[in-house]
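Here's the structure, in structure tokens; my notes come after.
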Amino acid sequence: MDDKFKLQVAMVEAACANVGWRHEVFNGLDRVERLNLLWLHGYRRRPSWYDQVAGEIGKEASNDAATLGSLFRLDTGNGEAIAVVWHMVWSGELDTNLSKRLTMETPVRAGLVA
């Protein structure tokens with residue numbers, strides 16, 4: 001960091017502190033998190049069949065043992081539930097650790113957005 005940038009960071013931190021906010025310098029994403037977000041970007045649009053399967057997915061995600069695999073098993077073979085699961089992760093309706101490689105065993109829980 002050069003001196004000008006350090007000064008700007010200090011000024012922004014002070015301004016944020018004055019209104020009760022915190023500040024941190026964004027240093028980028030690690031490779032796994034970046035790739036996970038790129039994957040999820042393909043599911044950012046809510047599927048037209050969302051309402052038909054989201055309730056069942058949300059109910060399963062409320063289970064403490066829910067994983068991506070347990071949610072994917074709700075699919076009837078047409079891929080619709082799987083697409084909704086990915087959309088729900090993208091939108092925050094389902095929460096999982098995107099900084100780790102996603103597998104069928106990845107824990108998932110109901111997110112903050114509903």
Side-chain angles (χ1 to χ4, degrees):
M1 282 193 233
D2 66 7
D3 289 337
K4 180 180 176 183
F5 182 74
K6 288 178 185 177
L7 177 62
Q8 290 171 333
V9 169
M11 291 170 59
V12 171
E13 285 176 343
C16 288
N18 282 338
V19 293
W21 295 353
R22 65 181 182 82
H23 173 268
E24 63 184 69
V25 175
F26 178 70
N27 291 316
L29 302 171
D30 71 7
R31 181 177 178 267
V32 171
E33 188 171 14
R34 184 176 58 81
L35 292 174
N36 285 339
L37 290 173
L38 283 172
W39 171 259
L40 290 173
H41 183 73
Y43 295 92
R44 67 192 182 281
R45 289 192 177 91
R46 184 178 167 148
S48 59
W49 57 87
Y50 174 92
D51 292 334
Q52 298 166 2
V53 294
E56 190 174 354
I57 292 167
K59 191 181 308 180
E60 174 64 25
S62 297
N63 175 351
D64 288 340
T67 63
L68 283 176
S70 70
L71 298 180
F72 291 164
R73 283 190 285 280
L74 298 173
D75 194 76
T76 59
N78 57 14
E80 290 181 352
I82 292 171
V84 171
V85 167
W86 288 128
H87 173 74
M88 291 174 80
V89 172
W90 168 264
S91 69
E93 293 174 80
L94 295 176
D95 186 39
T96 192
N97 185 350
L98 295 175
S99 66
K100 297 191 185 252
R101 184 174 170 264
L102 299 173
T103 69
M104 296 296 270
E105 291 77 33
T106 297
V108 180
R109 61 186 167 98
L112 299 175
V113 178

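Every value quoted in this text rests on a predicted model; they were computed, and no experiment measured them.
Here the shortest heavy-atom pairing between Glu105 and Thr67 reads O-CG2, 3.7 Å. Nearest approach of His87 to Arg44, heavy atoms of both residues: CE1-O, 3.2 Å. Heavy atoms only, all atoms of each residue included: His23 and Val9 are closest at CE1-CG1, 4.1 Å. Taking both residues in full, the closest heavy atoms of Val84 and Tyr50 are given as CG1-CD1, 3.8 Å, listed atom of the first, atom of the second, then distance.
Aromatic ring orientation, Tyr43 versus Trp86: tilted (interplanar angle from 30° to 60°).
Hydrophobic clustering (side-chain heavy atoms under 4.5 Å, transitive across Ile, Leu, Val, Met, Phe, Trp, Tyr) keeps Met11 apart from Val19. Each of Val32 and Trp39 belongs to its own hydrophobic cluster when Ile, Leu, Val, Met, Phe, Trp and Tyr are linked at side-chain heavy-atom distances under 4.5 angstrom. Leu35 and Leu102 fall into different hydrophobic clusters, where Ile, Leu, Val, Met, Phe, Trp and Tyr residues are linked whenever their side-chain heavy atoms come under 4.5 Å apart, directly or through other members. If you chain together hydrophobic residues whose side chains sit under 4.5 Å apart, Leu29 and Leu98 fall into the same group.
A distance of 8.0 Å separates CD in Gln8 from CG in Asp2, rounded to the nearest 0.5 Å. We find the CD-NZ distance between Glu33 and Lys100 to be 11.5 Å, quoted to the nearest 0.5 Å. The distance from the NE2 atom of His41 to the CG atom of Asn36 is 14.5 Å, given to the nearest 0.5 Å. In this structure, OG on Ser48 lies 7.5 Å from CD on Glu80, to the nearest 0.5 angstrom. Separation of atoms CZ (Arg73) and CG (Leu68) is listed at 10.5 Å; rounding is to 0.5 Å.
Two residues are said to be in side-chain contact when any heavy atoms from C-beta on lie closer than 4.5 Å; Val85 and Leu94 meet this criterion. For the pair Val25 and Phe5, the minimum side-chain heavy-atom distance is below 4.5 Å.
Other residues, nucleotides and ligands contribute at most 12 non-hydrogen atoms within 6.0 Å of the CZ atom of Arg45. Annotation for Glu56: atom CD does not count as buried by contact number, only 12 or fewer foreign heavy atoms lying within 6.0 Å.
Put simply, the side chain of Ser70 never gets that close to the backbone of Ala66: no donor and acceptor are under 3.5 Å apart. In this structure a side-chain-to-backbone donor-acceptor pair under 3.5 Å is missing from Arg34 to Arg31.
Of the options Asp95, Thr96, Asp64, a side-chain hydrogen bond (donor to acceptor under 3.5 Å, both in side chains) to Arg109 is made by Asp95 and by none of the others.
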